[in-house]
Amino acid sequence: IAASSIYYTHDDAENNRRKYDIKHGTDDAKNFAGIFCSRLLRRGSGGLLRTCTWSLWIVIHLTSFTRAYSWYCFQYSTGGGKGQESRGEPLRFRPKYGKVTAVESYRAEVHTYMKVLQWCRANAMPVIAVLAAAVTAVFVPPDSAYLGYYDVKTLSCLFCILAVVCALRSVGLFPVIARQLLQLFGTARSVGTALVLITLVGSMLLTNDTALLTFLPLSWMVLQEAGQEKLTAYVFILQNCAANLGGMLTPFGNPQNLYLFDHYHIPVGQFLSIMLLPFALSTGLILLCCLLIPRQVLAVPQRELTLDKPRAIAYGLLFCLAVGMVLRAVPYPVGLAVIAAALAVMDPRALKSVDWGLLVTFAAFFVFSGNMARIQPVRELFGRLLAHGVLPVSALTCQVISNVPAAILLSQFTVRFRELLIGVNIGGAGTLIASLASLITFREYTRRCPEQTGRFLGLFTLVSFGFLAILLAALSL
């Protein structure tokens, strides 16, 4: 962003910048807007005025950065000046004749900003969560009440489950289990159904995002070697529905379940009784959709798999300890200390492989929801909305801000945990951002079939919104 405000005296760079301005109709109006924003920031005393002004400043400079990147591409297409580089050759960020020219410096800075932008795209949800928390901090300045926002037990249990599952995945346990099940089937429909059901059962024990990270690569391997790549999009989408909707049955199947289970202190038996009907309906719909997979005979590929049994047994015991933490059978400080110490000795890479972005997202949305609950107009707005029905409002809120932040936010405004619990679970179906797990599925598919992104999005929207509409209609009766 700062690079867009730099003026260069190098003749070639300046001439090319002017050529780009003339060709694309851009000018230096942003400089006037920047001065205008600076004056507003100096004169404005109200928090709302300052917030709006900062937002305007960010938009202006993001636009300027887009222009800077376009000029960077224009430099590349025109050769970057007097023979510095020929058309089509890779850009080189190195000094020319012992000193850095203006064009080379500008390219290096834009290259750095592009790497930052790519990192933000790869970690979109944590970045958005932190920005949302920062915006609410303008209206509710930090104070001692912030310490009460964080649910340390939820964060501890989530960390332990994610860490132990990463360790189990590293010893090759899940592919072995999946292969044993797949060897029982011999048609495309039965294999696809088996992959979907493995994901459904796995989401109950491993959390939905971890189940997808584990079984989507396995599905791609099986379908590719069986010559059924055309079924990848449909099987991936059904696996996504199975992970989001199958994980609703257990308190640790979906991250929002873990939070609501502890926030409302729901007994285990009552939790299972609440989620049994939605789970049964969802499973029935998933099995009906599996019938659309063609019944074609195929050979499941045989591949040698290795399993480190001693480590698998040890990690299995640690997983039982993590489940005991969730079910309140083991004090979470004790479980956290034991699991962290054991993995630090046995498999430090498992601690590095934890989805830290999900933990940061939780922590940031604790701040966001806590601040929103302290803003009186927001309390009144959500009070009126939830009066029309907690279940539909929570399901529709998930379509905009995802199910985890929706659960954290809406839990501040209602005590009707039954409807909220069902709403944020079935709300994981629908849009691509309704669940973090859906973004994982989209990323895994586009990584393997980048040329079929449009087809995948169309099929995903049809299937996912169909699930949402049917479940919402059936459970609202």
Solution key, residues 419-435 side-chain donor-acceptor pairs under 3.5 Å, sequence neighbours excluded:
| residue | atom | partner | partner atom | Å |
| --- | --- | --- | --- | --- |
| Asn425 | OD1 | Asn254 | ND2 | 2.8 |
| Asn425 | ND2 | Asn257 | OD1 | 2.8 |
| Asn425 | ND2 | Leu421 | O | 2.7 |
| Thr431 | OG1 | Gln399 | O | 3.0 |
| Thr431 | OG1 | Ala434 | N | 3.3 |
| Ser435 | OG | Asn244 | OD1 | 2.8 |
| Ser435 | OG | Ala437 | N | 3.2 |

Please table the atom pairs, donor to acceptor, closer than 3.5 Å between any side-chain atom in residues 358-366 and protein atoms at least two apart or in another chain.
| residue | atom | partner | partner atom | Å |
| --- | --- | --- | --- | --- |
| Thr361 | OG1 | Gly357 | O | 2.7 |

Run the side-chain donor-acceptor check on residues 125-141: report pairs under 3.5 Å with partners two or more places apart or on a different chain.
| residue | atom | partner | partner atom | Å |
| --- | --- | --- | --- | --- |
| Thr136 | OG1 | Ala132 | O | 3.4 |
| Thr136 | OG1 | Ala133 | O | 2.8 |
| Thr136 | OG1 | Asn371 | ND2 | 3.1 |

Mind listing the side-chain donor-acceptor pairs of residues 405-413 below 3.5 Å, one per line with the distance, residues two or more places apart or on another chain?
| residue | atom | partner | partner atom | Å |
| --- | --- | --- | --- | --- |
| Ser411 | OG | Tyr259 | OH | 2.9 |
| Ser411 | OG | Ala407 | O | 3.1 |
| Ser411 | OG | Ile408 | O | 2.8 |
| Gln412 | NE2 | Tyr259 | OH | 3.4 |
| Gln412 | NE2 | Ile408 | O | 3.4 |

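Looking at Ser464, its side chain never comes within 3.5 Å of a backbone N or O of Thr461 through a donor-acceptor pair. Panel note: side chain Ser203, backbone Asn208; no donor-acceptor pair is recorded below 3.5 Å.
Contact between Cys289 and Leu238 at its shortest, heavy atoms only, is CB-CD2, 3.6 Å. Here the closest heavy-atom approach between residue Leu281 and residue Ala474 is recorded as CD1-CB, 4.2 Å. Of all heavy-atom pairs spanning Leu212 and Ala243, the tightest one is CG-CB, 3.7 Å. Taking all atoms of both residues into account, the shortest heavy-atom contact from Tyr234 to Cys290 is OH-N, 4.5 Å. The two residues Ala188 and Ile293 have their closest heavy-atom pair at O-CG2, 3.7 Å.
Side-chain contact between Leu475 and Pro278: present, with at least one pair of heavy atoms (C-beta onward) separated by less than 4.5 Å. Side-chain contact between Leu351 and Phe159: present, with at least one pair of heavy atoms (C-beta onward) separated by less than 4.5 Å. Looking at heavy atoms from C-beta onward, Ser282 lies out of side-chain contact with Leu200 at the 4.5 angstrom threshold. You'll find the side chain of Leu386 stays beyond 4.5 Å of the side chain of Arg416, heavy atoms only. Contact check for Leu385 versus Thr397: no side-chain heavy atoms found under the 4.5 Å cut-off. At least one side-chain heavy atom of Gln228 sits under 4.5 Å from a side-chain heavy atom of Leu223.
Judged as a salt bridge (charged side-chain N to carboxylate O under 4.0 Å, His left out), the pairs with a partner in residues 245-268 (not counting sequence neighbours) are, in order, Lys153-Asp262. Annotation: side chain to side chain donor-acceptor pair (under 3.5 Å) contacts involving residues 468-477, sequence neighbours excluded, are absent. Legend: salt bridge (charged side-chain N to carboxylate O under 4.0 Å, His left out) pairs involving residues 450-477, not counting sequence neighbours: none detected.
By the side chain to side chain contact (heavy atoms under 4.5 Å, CB included) test, Gln270 is found to be paired with Ile266, Pro267, Ser273, Ile274, Phe417, residues two or more places apart in sequence or in another chain being considered. Residues meeting the side chain to side chain contact (heavy atoms under 4.5 Å, CB included) test with Val400, sequence neighbours left out: none. In this structure Ala145 satisfies the side chain to side chain contact (heavy atoms under 4.5 Å, CB included) test together with Asp143, Arg374, sequence neighbours excluded. The ring-ring contact (aromatic ring centres under 6.0 Å, His included) test applied to Tyr332 returns no partner, not counting sequence neighbours. Residues forming a side chain to side chain contact (heavy atoms under 4.5 Å, CB included) with Ala167 (at least two apart in sequence, or on another chain): Tyr315, Leu343, Asp347, Ala350.
Aromatic rings of Phe460 and Phe442 (six-membered ring for Trp) have centroids beyond the 6.0 Å cut-off, not under it.
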### Query
For Leu336 and Cys160, what are the C-alpha separation, side-chain angles and deciding distance, and is it a side chain to side chain contact (heavy atoms under 4.5 Å, CB included)?
CA-CA 6 Å; Leu336 176 62; Cys160 290; 3.7 Å; yes

### Worked verdict on Thr232 versus Phe456 for side chain to side chain contact (heavy atoms under 4.5 Å, CB included)
CA-CA 9 Å; Thr232 303; Phe456 177 85; over 6 Å; no

### Message
Would Leu205 and Phe252 count as a side chain to side chain contact (heavy atoms under 4.5 Å, CB included) here? Give the steps.
### Response
CA-CA 7 Å; Leu205 304 174; Phe252 42 84; 4.3 Å; yes

### Task
Please lay out, stage by stage, how Val367 and Tyr150 fare under the test side chain to side chain contact (heavy atoms under 4.5 Å, CB included).
CA-CA 7 Å; Val367 176; Tyr150 299 101; 3.1 Å; yes

